[in-house]
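Take this structure, written in structure tokens, and hold onto it; I'll ask about it next.
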Amino acid sequence: MEVSHSLKERTIAENSLVILLQGLRGRVTTVELRDESAAAGRVTGVDAFMNVRLAEVTFTDRRGAMSHLDELFVTGRNIRYVHIPDEVDIRATIEEQLRAIHRVRYFGGRDKGRREFPHTQH
Amino acid sequence: KQQTTNTVEEPLDLIRLSLDERIYVKMRNDRELRGRLHAYDQHLNMILGDVEETVTTIEIDEETYEEIYKSTKRNIPMLFVRGDGVVLVAPPLRVG
């Protein structure tokens with residue numbers, strides 16, 4: 001389970017639905033873009049800004065012409081929809097991503113290491 | 001820690017009331033969605049289930065110059081919608 005190395009990105013992801021998209025890593029989905037084109041491929045990464053990396057992509061442009069791309073990077077702003085595969089359990093995927101972030105946050109235990117939120121008492 | 005309240009304090013809370021209900025979403029570029037709201041966030045990114053998307057286009061007749069409204073529909077079982085395309089969210093419209 002890969003979590004961003006950036007505290008800012010972890011926090012943004014934790015507080016929005018982008019965290020679900022991050023959980024789609026490894027799955028094959030279709031991303032529909034703002035300009036009416038679509039990219040179908042395997043998700044290799046999603047960052048907190050919804051920028052998406054796909055592999056083995058079938059790209060359909062606005063006019064319907066299809067092409068194959070080994071890798072594709074889509075800027076978050078250009079996304080309109082992401083199809084969620086039928087077999088994805090949304091709640092479980094989000095919880096798993098949150099657990100991964102919390103593992104990073106609480107690494108080293110309560111009294112050890114550099115804490116992400118030093119003054120928080122749980 | 002984030003806390004959820006049961007009172008309606010801000011406009012986003014009205015959307016919370018529609019969780020698990022069917023809703024109508026008007027989007028930019030003459031699109032509309034009807035589906036079941038599974039999740040949303042502060043950006044209005046949403047997860048909709050059993051969605052019907054309607055795209056409306058206007059064609060101009062070359063001879064009469066009248067406007068012909070055409071709509072295309074399609075169904076998608078589960079869709080993540082990026083919030084910056086959302087214009088409004090409402091209970092499903094009843095066609096009277």
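Chain letters run A, B, ... following the sequence lines, proteins first and then strands; every chain starts at 1.
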Above 12 or not: heavy atoms from other molecules or residues under 6.0 Å from CD of B/Glu52?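 More than 12 heavy atoms, drawn from other residues, nucleotides or ligands, come within 6.0 Å of this atom.
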
Checking B/Met27 against chain A: side chain, backbone, both or neither under 4.5 Å from a heavy atom?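 B/Met27 touches chain A through side-chain heavy atoms alone.
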
Would you say A/Val82 and B/Leu79 make side-chain contact, with heavy atoms under 4.5 Å?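 Answer no - side chains too far apart.
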
Contact class of B/Arg31 relative to chain A, heavy atoms under 4.5 angstrom: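 Interface part for B/Arg31: side chain.
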
For A/Phe49, does the CZ atom have more than 12 heavy-atom neighbours from other residues, nucleotides or ligands under 6.0 Å away?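 Counting other residues, nucleotides and ligands, CZ of A/Phe49 exceeds 12 neighbours.
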
State whether the side chain of B/Asp41 and the backbone N or O of A/Leu17 hold a donor-acceptor pair below 3.5 Å, judged by distance alone.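 Yes, because the side chain of B/Asp41 sits within donor-acceptor range (under 3.5 Å) of the backbone of A/Leu17.
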
Step-by-step side chain to side chain contact (heavy atoms under 4.5 Å, CB included) determination, B/His43 to A/Val18: CA-CA 10 Å; B/His43 305 294; A/Val18 111; over 6 Å; no

Start with the C-alpha distance between B/Phe80 and A/Arg80, add both sets of side-chain angles, then the distance that settles side chain to side chain contact (heavy atoms under 4.5 Å, CB included), and finish with yes or no. CA-CA 9 Å; B/Phe80 178 102; A/Arg80 180 180 281 147; over 6 Å; no

Under a 4.5 Å cutoff for heavy-atom pairs, which residue among A/Leu21, A/Thr29, A/Asp86 has the most contacts with chain B?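 Option with the greatest count: A/Leu21.
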
Top contributor to chain B contacts, counting heavy-atom pairs under 4.5 Å, from A/Glu36, A/His83, A/Arg91, A/Arg34: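 Highest number of heavy-atom pairs under 4.5 Å: A/His83.
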
Side-chain heavy atoms nearer than 4.5 Å, only ILVMFWY residues, links allowed to pass through others: does that put A/Ile79 and A/Leu54 together?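 Same cluster: A/Ile79 reaches A/Leu54 through Ile, Leu, Val, Met, Phe, Trp or Tyr contacts under 4.5 Å.
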
For the CZ atom on A/Arg53, are there more than 12 heavy atoms of other groups (residues, nucleotides or ligands in this structure) within a distance under 6.0 Å?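 Open.
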
Please classify the contact of B/Leu33 with chain A as side chain, backbone, both or neither, using a heavy-atom distance under 4.5 Å.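 When you check distances to chain A, only side chain atoms of B/Leu33 fall under 4.5 Å.
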
With a 4.5 angstrom heavy-atom cut-off, which part of A/Ile94 approaches chain B: side chain, backbone, both or neither?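 Neither part.
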
What part of A/Arg77 lies closer than 4.5 angstrom to a heavy atom of chain B: side chain, backbone, both or neither?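 Interface part for A/Arg77: both.
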
Are A/Leu24 and A/Val46 co-members of a hydrophobic cluster defined by side-chain heavy atoms under 4.5 Å apart?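 Yes: a chain of side-chain contacts under 4.5 Å links A/Val46 to A/Leu24.
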
Taking side chain as everything from C-beta outward and backbone as N, CA, C, O, which of these in B/Asn45 sits under 4.5 Å from a heavy atom of chain A? Side chain, backbone, both or neither.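 For B/Asn45, backbone and side chain are both near chain A.
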
Using the rule that two of Ile, Leu, Val, Met, Phe, Trp, Tyr join whenever any of their side-chain heavy atoms come within less than 4.5 Å, decide whether B/Tyr24 and B/Val81 are in one cluster.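 No, separate clusters.
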
Hydrophobic cluster membership, with links at side-chain heavy-atom distances under 4.5 Å among I/L/V/M/F/W/Y: are B/Val86 and B/Val55 in one?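 No; B/Val55 is not reachable from B/Val86 via cluster members.
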
Would the number of heavy atoms belonging to other residues, nucleotides or ligands and lying under 6.0 Å from CD of B/Gln42 be above 12?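 More than 12 heavy atoms, drawn from other residues, nucleotides or ligands, come within 6.0 Å of this atom.
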
Going through the checks in order, is the side chain to side chain contact (heavy atoms under 4.5 Å, CB included) test met by A/Met50 and B/Arg82? CA-CA 9 Å; A/Met50 216 182 287; B/Arg82 187 175 156 101; 3.6 Å; yes

In terms of hydrophobic clusters joined by side-chain contacts under 4.5 Å, are B/Val25 and B/Ile76 together?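 Yes.
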
